[in-house]
Amino acid sequence: MSAEKDLDCGSATRGLWLVKVPKYISTRWNKSSSLEVGKLAISKVVSPSAGSAIDVRFVLHDFVAAIKENADDTPIPKEHKLVLSNNNAQSLAVYSQCGDKLSLEGKVVEKAECRPSHNDKDYMKLKKQSIFRASQPQRTVKQLDRIVNSYKPVSDHKNNIEFEQMKKSEGKKSREDKDKVMEMLFAAFEKHQYYNIKDLVRITRQPITYLKEILKEFCNYNLKNPHKNMWELKPEYRHYKEQSDD
């Protein structure tokens, strides 16, 4: 739950107008750097049939009307009429929040709709442009003047295939004669008594299955600590003295 906040009701009795404006006006308001975007002209009109009525006109400033969303936009109407309707059926209020401060700005006493003047030429052009843009297909056919490379998904990439082929070819070439492999193994075991299989593969550069066949013939595989999972020469092939535990 949100924390409770005090509500400033100092402007609760102020009357406000709720005005609905066209999208093309609100867009230019948001893009304008000025706080003042136009002027209202309110006058009283008296007619024999309808009596007295209020006529409200809204005129956009020139620099706001000149703002464009796109380079090919047509000018928008500058002058609009506010069509008023009473708000007796609803009880509406306007709130604002600045930081932690919550204020009641007033109640809505008039609702209005902002409409362009009757038969405004700029408005008719604007609607025509809007209808034309909406009728344009999302996808269009375009003739190409050059070959376009298309990349289709493949089950395996070329570099992976080449790498696997290289591994196979190297594996076949690196299978040396057994006597030569034994020479490399005996030379290694003269330096150290114990080796793991990875080190022996690196030293001899032989396929691991082929190397294990030779190791099983001349070496023992330790299954207990402290040299678990390591190979050493069988006693009959050793040319060094085993160290005593003393």
query = Going through the distances and angles, do His61 and Glu36 end up as a side-chain hydrogen bond (donor to acceptor under 3.5 Å, both in side chains)?
reply = CA-CA 8 Å; His61 286 323; Glu36 184 178 334; 3.0 Å; yes
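Between Phe58 and His80, the ring planes lie tilted relative to each other; the angle falls in the 30° to 60° range. Ring-plane geometry between Trp231 and Tyr221 is classed as tilted, the angle between the planes lying from 30 to 60 degrees on a 0 to 90 degree scale. In this structure, Phe189 and Tyr195 have perpendicular ring planes: the angle between them is above 60°, well past the 30° mark. Ring geometry for Phe218 versus Phe186: interplanar angle over 60°, hence perpendicular rather than tilted (30 to 60°).
Contact annotation: the side chain of Thr209 never approaches that of Lys212 to less than 4.5 Å [non-hydrogen atoms, C-beta and beyond]. Counting only heavy atoms from C-beta outward, the side chains of Ile54 and Ser43 never approach each other to under 4.5 Å. By the 4.5 Å heavy-atom criterion applied to side chains, Leu84 and Glu110 are counted as neighbours.
Here CD1 of Ile76 is found 5.5 Å from CG of Leu60. Values are rounded to the nearest 0.5 Å. Distance check, rounded to the nearest 0.5 Å: CG of Asp55 to NZ of Lys81 gives 5.5 Å. To the nearest 0.5 Å, atoms CG (Leu215) and CE (Met182) are separated by 8.0 Å. Taking CD of Glu113 as the reference point, atom OG of Ser85 lies at 8.5 Å (rounded to 0.5 Å). The line from NZ of Lys101 to CG of Leu7 is 10.5 Å long, rounded to the nearest 0.5 Å. Atoms CG and CD, on Leu185 and Gln206 in that order, are 8.5 Å from each other to the nearest 0.5 Å.
Judged purely by atom type and a 3.5 angstrom limit, Ser103 has no side-chain atom pairing as donor or acceptor with the backbone of Glu105. For Asp8 (side chain) and Gly10 (main-chain N/O), a donor-acceptor pair under 3.5 Å exists by modelled atom type. Side-chain N or O atoms of Asn220 include none that pairs as donor or acceptor with a backbone N or O of Lys234 at under 3.5 Å. Remark: side-chain polar atoms of Arg28 are paired, donor with acceptor, to backbone N or O of Tyr24 under 3.5 angstrom. Between the side chain of Ser26 and the main chain of Lys23, a donor-acceptor pair closer than 3.5 Å is present.
Here the closest heavy-atom approach between residue Thr204 and residue Leu211 is recorded as OG1-CD2, 3.7 Å. Across Val181 and Ile214, no two heavy atoms sit closer than the pair CG1-CD1, 3.6 Å.
Residue-environment remark: CD (Gln143) stays at or below the threshold of 12 foreign heavy atoms within 6.0 Å.
Residues Leu18 and Leu82 do not share a hydrophobic cluster, clusters being chains of Ile/Leu/Val/Met/Phe/Trp/Tyr side chains in contact below 4.5 Å. There is a path of hydrophobic side-chain contacts, each under 4.5 Å, that joins Ile197 to Leu223. In the hydrophobic clustering of ILVMFWY residues, with side-chain heavy atoms under 4.5 Å counting as a link, Ile208 and Leu200 come out together. With hydrophobic clusters built from ILVMFWY side chains whose heavy atoms lie under 4.5 angstrom apart, Met184 does not share a cluster with Met230. There is a path of hydrophobic side-chain contacts, each under 4.5 Å, that joins Leu16 to Leu92.
By the 4.0 Å N-to-carboxylate-O rule, Lys180 lies too far from Asp177 to be salt-bridged with it. Contact check on Lys178 versus Glu217 returns a salt bridge, with a Lys/Arg side-chain nitrogen under 4.0 Å from an Asp/Glu carboxylate oxygen.
Put simply, the residue from Val83, Leu40, Val19 that forms a side chain to side chain contact (heavy atoms under 4.5 Å, CB included) with Val56 is Leu40.
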